[in-house]
Amino acid sequence: MAYGGEWRPPRTCEDYWSEWKHCKGIRNLFHNYYTYGEAPSCEQWKIDYGNCRQWEKSKSPDSKESLCKSERARIIEKQKYDPVWKLRKSPPRDWYLPLGQDKPKHLNKT
């Protein structure tokens, strides 16, 4: 966030704008409605875009604090969920065999 001694927003203002546009897009609305049963809340992206532009214009400490708080909330939200898949330490023993070759012959019905 610090570049050359001066604080910079965690993302560019254009990133906040594109995230807001993506969030409001029909494809994303349909996906969220299908998956969660409700439309996504996109207001925070628009608020962050406004705060980013305000920071670029006037270096407002309120804008800076609001952007930092918003990004912290996003990080905490991501860390709230466990991964879906358990990561392996090594491949399975028989990873190189073609599918179906590891079963006894009487179980294969081809």
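All figures in this text were calculated on a predicted structure; none of them were measured in a lab.
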Could you list the donor-acceptor pairs under 3.5 angstrom formed between side-chain atoms of residues 22-30 and any protein atom two or more places apart in sequence or on another chain?
residue : atom : partner : partner atom : Å
N28     : ND2  : C23     : O            : 3.1

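- In this structure K80 satisfies the salt bridge (charged side-chain N to carboxylate O under 4.0 Å, His left out) test together with E77, sequence neighbours excluded.
- Residues forming a side chain to side chain donor-acceptor pair (under 3.5 Å) with S18 (at least two apart in sequence, or on another chain): none.
- With sequence neighbours left out, E65 forms a side chain to side chain donor-acceptor pair (under 3.5 Å) with no residue at all.
- Take E43 and apply the salt bridge (charged side-chain N to carboxylate O under 4.0 Å, His left out) test, not counting sequence neighbours, and it matches no residue.
- For the side-chain contact (heavy atoms from CB on, under 4.5 Å) test, residues two or more places apart in sequence or in another chain that qualify with K21 are W17.
- Listed by chain and number, the residues in a side-chain contact (heavy atoms from CB on, under 4.5 Å) with W95 are P91, P92 (sequence neighbours excluded).
- Counting only residues at least two apart or in different chains, side-chain hydrogen bond (donor to acceptor under 3.5 Å, both in side chains) contacts with residues 45-55 comprise E14-R53, Q44-D48, D48-S70, D48-R74, Y49-R53, N51-S66, R53-E56, Q54-S58.
- Under the rule for a side chain to side chain donor-acceptor pair (under 3.5 Å), K57 has no partner lying at least two apart in sequence or in another chain.
- In this view, D62 satisfies the side chain to side chain donor-acceptor pair (under 3.5 Å) rule with no residue, not counting sequence neighbours.
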Just distance, no hydrogens or angles: give the donor-acceptor pairs under 3.5 Å from side chains in residues 33-42, sequence neighbours left out.
residue : atom : partner : partner atom : Å
T35     : OG1  : H31     : O            : 2.8

